[in-house]
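We count ligands from 1, going down the list as the structure has it; atoms in each ligand are counted the same way.
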Amino acid sequence: MASEQKRKITAFERSIPDYRRRILVSLAKALFLPPLFSLAATCIFLGFALSPFPVLLAMLSIPITISARSYLSLRAQDRAAKSLDAVVIPRVKGKWPGNLDVALRVVKSFEEGYVLQIFADLLREYDTTTVNTRLFWDDQIITVDENFMKFVSATGFSHFEKGILWHERIDKLLGTGLFNAEGELWKTGRATTRPFFAKERISDFEIFERTTAHALDLFASRSRDDLPIDVQDLMSRFTLDSASEFLFGIKLDTLSQPLTVPGKVKLGPKGSVPIDGATEFDEFTEAFERVAVVITRRGTQGNTWPLLELFEDKTESSIATIMNWMEPVVERALAEKDSRKRAGVETAANENVFLDFLASRTDDVEHIRYELITYLIASRDTTASLLTFVMYFFAMYPAVCDRLRNEILAALGSERSPTYDALRNLKYLRAVLNETLRLFPSAPLIARTSPNTPLVIPASQQHALYFPPRTQVMMVSLILHRRQDLWGEDAHEFRPERWLDPATTAKVDTTPFMYCPFSGGPRICIGQEFALNQAGFFVVKLLQHFKAFRLAPKFQPPGSLPPAEWAGKPGRQGVEKIFPAINFTIHSKGGVWMYGDLDDK
Ligand code: HEM
Ligand SMILES: *[C@@H]1O[C@H](CO)[C@@H](O)[C@H](O)[C@H]1NC(C)=O
Ligand SMILES: CC(=O)N[C@H]1CO[C@H](CO)[C@@H](O)[C@@H]1O
């Protein structure tokens, strides 16, 4: 654990509402006010008689108030919907108060079930593509409806924000960064960074070359020793090293740190970790990994996480380490800009580095730091997840691997690196990436919160839907991407060939939100092209050197293989050879251990 570090509080941070206050106020409202009122009322009307009656009534007043409030708010919603000529979103009706039984089902499914299956099940039970879970008497919308998602992300974009729950969890880390910003701040941020992702810049593949070679060397040397490697770990080092290089101009060089050893790992928060618990990353990387774990945990705990952090903000020490590490890096870039300016040089020496690009546009150290950490988070696990699942599919479907390999070798031979244009011409490669992101979209859940006024949402169902005010909606692309009514009977199968069928691409073109691994609308992933280029580049080099892949289930840490009872279940659950899980991004429990067969030309 990092020692207590001091850091400067940023200007942005001073505007963040205090999560402790929010949770204490809502607890007081739910747990203390009703009994207090009830006691006061009994005293006033019955006098101070010492009897069990007022106490009993005071205790009962808590559930009574909650139920009454919930009942009144639902009836008010019903009336509002009617007056707006919309229908209410189907509500889950559990057996226990507050749908506690459903909540337990959700928790159990997140721990032991197939990834997000619980949501697919609920939607099927209510025969709908949008449902209101009403967990703990709260509106919480889940949707896999392409038109609903189009409204939230694109046509009705201006109505939605990331919402208070999101900001409470993550503001301190991401601050004014693009991923986190709202309104005008977001607009300016987007316009400023947009040019960095222009075609000229992302066609320069030199930055991918060295890191790719390094990662493939590690894989190859394992293969020569006839040992498996955890490709999920390999890919997250690969993407962290590449991202830090193009973002900060600094190599974190996690690929040079000792790899996890086959057979000597246990389950970690997001893959395999060494049994003896030691990783040897530098201070920054450690803090970066640690803060991601806390923020994800906050997400899975819902809006009650502040209860566990009443006395200590568990992100504080990691954020201090991260910010203190970045400050001199940013200061140096700004100083270099100033000295260039004094020397009369107009442009930055190397605007291929995001930091220099930002430094030439603003002097705001705090904002630059927030942008850097934002882009590191947004680019790292997402691309690693895509590449990990591509390799998993190569191992599962060797015919796909062979076909892609033939395409690559025919176009580029076994050595030549692809250019931007060469990549674009590899149609089957793009089909494989598309298909992988269809079944395993790296960021499978996107949340938005509605404004203070109710909305009417044009959905695919016959009638427009009433959307309650100040309510969160979770858009679940993973389930949407597997809907048989949109994708056909074989929706659960990995079949890249579907993308070569003009009927599929035509349908995707006319129904854009049926496929949205990068989201859509104004907040569509700004790094989409970059990610596809980086992933495409890596896959080309991979298949130039390796001809086949085999999973190594014996090396998965205990508890990370699909449970026996999954076999024979419908959809992907019945065929999966790994245990997909989500912790913000999608990954494989315990990593993906596999052998690679080198092509010894
Ligand atoms: C396979 C890789 C990737 C996938 C699947 C992916 C997916 C997504 C998705 C779904 C969003 C929308 C999130 C939301 O609105 O809540 C998003 C936003 C974003 N992505 Fe990506 N991403 C990937 C790679 C990257 C890369 C490589 C970068 C940077 C170089 C990047 C930078 C961002 C940023 C900055 C945003 C926020 C944009 C905004 O709010 O305006 N992403 N990404
Ligand atoms: C891949 O998906 C995109 C939609 O994101 C589509 O426009 C494109 O045609 C697809 N390409 C291939 C080759 O599958
Ligand atoms: C499904 C999964 O891997 N969940 C993990 C997410 O991260 C937390 C720690 O932050 C783990 O406890 C979970 O097991």
Side-chain angles (χ1 to χ4, degrees), residues 149 152-154 157 160-163 166 170 174 177-182 185-194 196-197 201-202 207-208 235 239 242-243 246-247 354 370-390 407 423-438 440-449 473-475 477-478 481 495-502 504-536 538 584-586:
M149 282 159 89
V152 175
S153 313
F157 168 75
F160 290 87
E161 291 209 332
K162 297 228 160 174
W166 162 281
I170 216 163
L174 298 188
L178 188 64
F179 207 64
N180 202 38
E182 311 269 14
L185 192 62
W186 169 78
K187 245 188 219 157
T188 325
R190 185 103 188 173
T192 311
T193 47
R194 180 79 253 168
F196 184 76
F197 294 95
R201 208 178 320 262
I202 55 172
I207 47 166
F208 304 144
M235 288 304 93
T239 50
S242 347
F246 93 88
L247 293 173
F354 192 52
Y370 281 137
E371 281 293 41
L372 292 178
I373 196 71
T374 292
Y375 277 76
L376 195 59
I377 287 187
S379 67
R380 193 271 184 112
D381 281 348
T382 44
T383 313
S385 165
L386 167 59
L387 284 169
T388 303
F389 282 100
V390 165
E407 180 184 65
L423 270 193
R424 291 188 76 100
N425 288 328
L426 297 172
K427 294 283 179 271
Y428 195 64
L429 171 64
R430 183 62 198 267
V432 167
L433 297 178
N434 273 5
E435 184 70 346
T436 306
L437 286 170
R438 183 179 72 83
F440 290 110
S442 315
L445 284 174
I446 291 183
R448 288 291 188 273
T449 303
V473 56
M474 283 215 273
M475 300 179 277
S477 55
L478 184 137
H481 290 171
R495 207 170 60 78
E497 282 71 16
R498 79 177 75 239
W499 291 97
L500 306 179
D501 176 0
T504 306
T505 38
K507 188 160 182 195
V508 169
D509 282 346
T510 51
T511 325
F513 277 83
M514 76 185 258
Y515 182 67
C516 50
F518 295 98
S519 184
R523 274 200 111 130
I524 193 170
C525 175
I526 203 168
Q528 170 173 354
E529 285 290 307
F530 185 95
L532 290 171
N533 286 331
Q534 182 181 6
F538 182 87
F584 186 55
T585 46
I586 194 156

As a check for students: among [options], identify the option with a heavy atom nearest to [atom].
atom: atom 4 (C) of ligand 1; options: Trp166, Phe518, Phe196; answer: Phe518
atom: atom 16 (O) of ligand 1; options: Arg523, Glu529, Arg448, Gln528; answer: Arg448
atom: atom 10 (C) of ligand 1; options: Cys525, Pro517, Ala535; answer: Pro517

Test item: [X] and [Y] side chains (from C-beta on) under 4.5 Å apart, heavy atoms:
X: Ser379; Y: Phe530; value: no
X: Phe197; Y: Glu529; value: no
X: Thr239; Y: Gln534; value: yes
X: Phe440; Y: His481; value: no
X: Tyr370; Y: Asn180; value: no

Report all N/O contacts between ligand 2 and the protein shorter than 3.5 Å as a table of atom names and distances to 0.1 Å; if there are none, say 'none'.
from     : atom 1 : to     : atom 2 : distance (Å)
ligand 2 : 2 (O)  : Asn434 : OD1    : 3.2
ligand 2 : 2 (O)  : Asn434 : ND2    : 2.3
ligand 2 : 11 (N) : Asn434 : ND2    : 3.1
ligand 2 : 14 (O) : Asn434 : ND2    : 2.8

Over all atoms of both residues, closest heavy-atom pair of Leu372 and Leu247 | CD2-O, 3.6 Å
When every non-hydrogen atom of Ser519 is compared with those of Ile524, the smallest separation belongs to O-CG1, 3.7 Å
Starting at [atom1] of [X], measure out to [atom2] of [Y] and round the result to the nearest 0.5 Å.
X: Leu532; Y: Arg430; atom1: CG; atom2: CZ; result: 5.0 Å
X: Leu426; Y: Glu407; atom1: CG; atom2: CD; result: 4.5 Å
X: Arg523; Y: Lys162; atom1: CZ; atom2: NZ; result: 4.5 Å

Using distance alone, determine whether Arg190 and ligand 1 share an N or O pair under 3.5 Å.
-> yes
Does Thr374 reach ligand 1 with a nitrogen or oxygen that is under 3.5 Å from one of the ligand's nitrogen or oxygen atoms?
-> no
Please identify which atoms of ligand 1 are closer than 4.0 Å to at least one heavy atom of [X].
X: Trp186; answer: 39 (C), 40 (O), 41 (O)
X: Phe197; answer: 30 (C)
X: Ala531; answer: 2 (C), 24 (C), 27 (C)
X: Phe246; answer: 30 (C)
X: Ser442; answer: 1 (C), 5 (C)

If you measure from each non-hydrogen atom of Leu178 to ligand 1, which part falls under 4.0 Å: side chain, backbone, both or neither?
-> both
For ligand 1, which part of Gln534 has a heavy atom less than 4.0 Å away: the side chain, the backbone, both, or neither?
-> neither
Indicate, with yes or no, if the rings of Phe208 and Phe246 have centres closer together than 6.0 Å.
-> no
Return the closest protein heavy atom for [atom] as residue, atom name and distance.
atom: atom 32 (C) of ligand 1; result: Ala378 CB, 3.5 Å
atom: atom 23 (C) of ligand 1; result: Thr382 OG1, 3.5 Å
atom: atom 12 (C) of ligand 1; result: Ser519 CB, 3.7 Å
atom: atom 29 (C) of ligand 1; result: Ser379 CB, 3.6 Å
atom: atom 36 (C) of ligand 1; result: Phe179 CD1, 3.5 Å

Do Asn434 and Arg438 pass the side-chain hydrogen bond (donor to acceptor under 3.5 Å, both in side chains) test, and can you show the C-alpha distance, the side-chain angles, and the key distance before you say yes or no?
-> CA-CA 6 Å; Asn434 273 5; Arg438 183 179 72 83; over 6 Å; no
Donor-acceptor pair between Thr193 and Glu371 side chains, under 3.5 angstrom | no
May I have the step-by-step check of side chain to side chain contact (heavy atoms under 4.5 Å, CB included) for Val432 and Trp499, ending in yes or no?
-> CA-CA 8 Å; Val432 167; Trp499 291 97; over 6 Å; no
